[in-house]
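These notes concern the structure reproduced below.
Both backbone and side-chain heavy atoms feed into the values below; hydrogens, waters and symmetry mates do not. Residue numbers start from 1 in every chain, and the chains themselves are labelled A, B, ... in the order their sequence lines are given, proteins ahead of strands.
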Amino acid sequence: MISSLESERLDKGFYMKDAVSVAKNLLGKYLIKNTDKGFIGGMIVETEAYMGPQDDAAHSYNLRKTKRNEAMYEEGGAAYVYFIYGMHYCLNIVTNKRDIPQAVLIRAIEPRFGIDIMLKNRNTDLINLTNGPAKLCGALNIDLSYNKVSLLSDRLFITQGEEIKGDVTSTKRINIEYAKGYKDKPWRFIVKNSKFLSK
DNA sequence: TTAACGATGAGC
DNA sequence: CTCATCGTTAAG
């Protein structure tokens, strides 16, 4: 029942762990945005963990800190939104303690709430609505104004969600060919039987 | 100041 | 496979 969604919000403790743990635990949870037309969002089915200083695929590799990625240094439970390829936004969930710059990239969700609104935000069909990190940001209308927003807030939050049906698997992360030592780490997590995984 | 590039998506 | 498209980054 949608009106009870906010009371099922995950608490701070959920986010105060390493990014790999949180990335696994996020599968099956609901990512919800509060709009003036109601709640929109869906069930998380694909995530990627970025583990910070040692992870040469991460924006925070070697403790790199810039205007773009400073949200990664926040305490767990904040959003990290970045602009990429001159036209797309991607949403991450910051994890772990302040100044341990880890995050989980949300790569795909299954549409559940406000599907009509999301379809209007992106001109496409249901199957291609949220099956990619920039696609789901388009569907949810998430841009840089959501950078550093707390997921314990009313604007954007994550709830307990559903029991996962079927298997959970891990694979290599996508599009990090520039990485070296950590390129093949199995830190992409998916709900295997979902029809809404990224392409 | 500048040049190269990117945690993507769409089209062919 | 190609390319759109431009802010961010690190080098100069």
Side-chain angles (χ1 to χ4, degrees), chain A residues 15 18-27 31 42 44-74 76 78-96 100-111 118-149 151 156 158 169-191 194-199:
Chain A
Y15 304 101
D18 67 278
V20 169
S21 302
V22 176
K24 278 184 221 167
N25 292 339
L26 277 172
L27 297 178
L31 172 66
I44 298 170
V45 293
E46 177 174 344
T47 60
E48 275 179 1
Y50 287 86
M51 286 292 277
Q54 304 79 248
D55 181 359
D56 57 8
H59 291 165
S60 54
Y61 175 52
N62 211 10
L63 287 178
R64 179 172 22 163
K65 189 175 187 180
T66 64
K67 191 72 183 161
R68 175 178 69 158
N69 76 347
E70 62 185 14
M72 292 186 79
Y73 290 77
E74 301 270 307
Y80 165 39
V81 181
Y82 64 85
F83 185 64
I84 190 67
Y85 295 119
M87 59 188 111
H88 301 301
Y89 298 99
C90 291
L91 170 68
N92 293 255
I93 310 303
V94 176
T95 78
N96 222 321
I100 299 181
Q102 305 182 340
V104 176
L105 174 66
I106 308 298
R107 290 194 54 90
I109 67 176
E110 291 195 4
M118 294 195 286
L119 283 169
K120 254 179 247 173
N121 288 342
R122 262 171 60 72
N123 195 21
T124 184
D125 56 346
L126 184 65
I127 200 71
N128 288 298
L129 184 56
T130 55
N131 61 342
K135 292 181 185 179
L136 71 89
C137 281
L140 292 173
N141 234 306
I142 288 175
D143 58 20
L144 284 186
S145 69
Y146 283 82
N147 193 33
K148 296 185 181 176
V149 166
L151 295 164
L156 185 68
I158 298 177
T169 326
S170 64
T171 76
K172 295 192 236 183
R173 293 172 291 178
I174 309 289
N175 283 334
I176 52 161
E177 285 313 302
Y178 55 87
K180 296 187 166 68
Y182 279 53
K183 176 159 50 89
D184 297 326
K185 291 282 182 191
W187 289 346
R188 169 176 176 253
F189 299 95
I190 58 175
V191 175
S194 174
K195 296 175 177 58
F196 295 89
L197 300 177
S198 68
K199 295 271 170 8

B:dG9 base stacked by A:Tyr85 (centroids within less than 5.5 Å, tilt under 30°):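 A:Tyr85 ring does not meet the centre or angle cut-off for B:dG9; no stack.
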Plane angle bin for A:Tyr89 and A:Phe83 - parallel if under 30°, tilted between 30 and 60°, otherwise perpendicular: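 Aromatic pair A:Phe83/A:Tyr89 classed tilted.
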Aromatic plane relationship, A:Tyr82 with A:Tyr80 - under 30° parallel, 30 to 60° tilted, over 60° perpendicular: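 Aromatic pair A:Tyr80/A:Tyr82 classed tilted.
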Ring centre gap for A:Trp187 and A:Tyr50 strictly below 6.0 Å: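 No - the distance between ring centres of A:Trp187 and A:Tyr50 does not fall below the 6.0 Å cut-off.
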Quick one: is [X] getting a side-chain N or O under 4.0 Å of the [N] phosphate, OP1 or OP2?
X        : N     : value
A:Arg68  : C:dT9 : yes
A:Asn175 : B:dT8 : yes
A:Tyr178 : B:dA7 : yes

Rounded distance in Å - [atom1] ([X]) to [atom2] ([N]):
X        : N      : atom1 : atom2 : value
A:Glu46  : B:dT8  : CD    : P     : 10 Å
A:Leu91  : B:dT8  : CG    : C1'   : 15 Å
A:Asn123 : B:dG11 : CG    : P     : 10 Å
A:Ile174 : B:dG6  : CD1   : C1'   : 15 Å
A:Asn69  : B:dC5  : CG    : P     : 20 Å
A:Asp56  : B:dA7  : CG    : P     : 12 Å
A:Trp187 : B:dA7  : CH2   : P     : 16 Å
A:Tyr89  : C:dT5  : OH    : P     : 15 Å

Side chain of A:Met87 (C-beta onward), nearest among C:dA4, B:dA7, C:dA10: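 Given the options C:dA4, B:dA7, C:dA10, the side chain of A:Met87 is closest to C:dA4.
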Minimum-distance nucleotide (side-chain atoms of A:Arg64 versus C:dA10, B:dG9, B:dG6):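 Within the option list, the nearest is C:dA10.
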Spacing of the P atoms in B:dC5 and C:dT2 (rounded, Å):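 Those two atoms are separated by 16 Å.
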Complementary nucleotide of C:dT5, counting Watson-Crick and G-U pairs under 3.5 Å: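 Pairing partner: none.
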Touch class at under 4.0 angstrom, heavy-atom based, for A:Arg188 against every strand present: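 Nothing: the residue A:Arg188, judged by heavy atoms under 4.0 Å, touches no strand.
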Touch class at under 4.0 angstrom, heavy-atom based, for A:Lys135 against every strand present: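 It contacts sugar-phosphate atoms only.
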No-hydrogen, no-angle side-chain donor-acceptor test under 3.5 Å, A:Lys65 and A:Asn69: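 No donor-acceptor contact under 3.5 Å links the two side chains.
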Residues A:Ser194 and A:Glu110: side-chain donor-acceptor under 3.5 angstrom: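 Yes, side-chain donor-acceptor contact under 3.5 Å.
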A:Asn128 or A:Phe83, whichever maps to the more 5' nucleotide of DNA chain B: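 Taking each residue's closest nucleotide, the earlier one in sequence belongs to A:Phe83.
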Closest-nucleotide 5' rank along DNA chain C - winner of A:His88 and A:Leu144: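 Closer to the 5' end of DNA chain C: A:His88.
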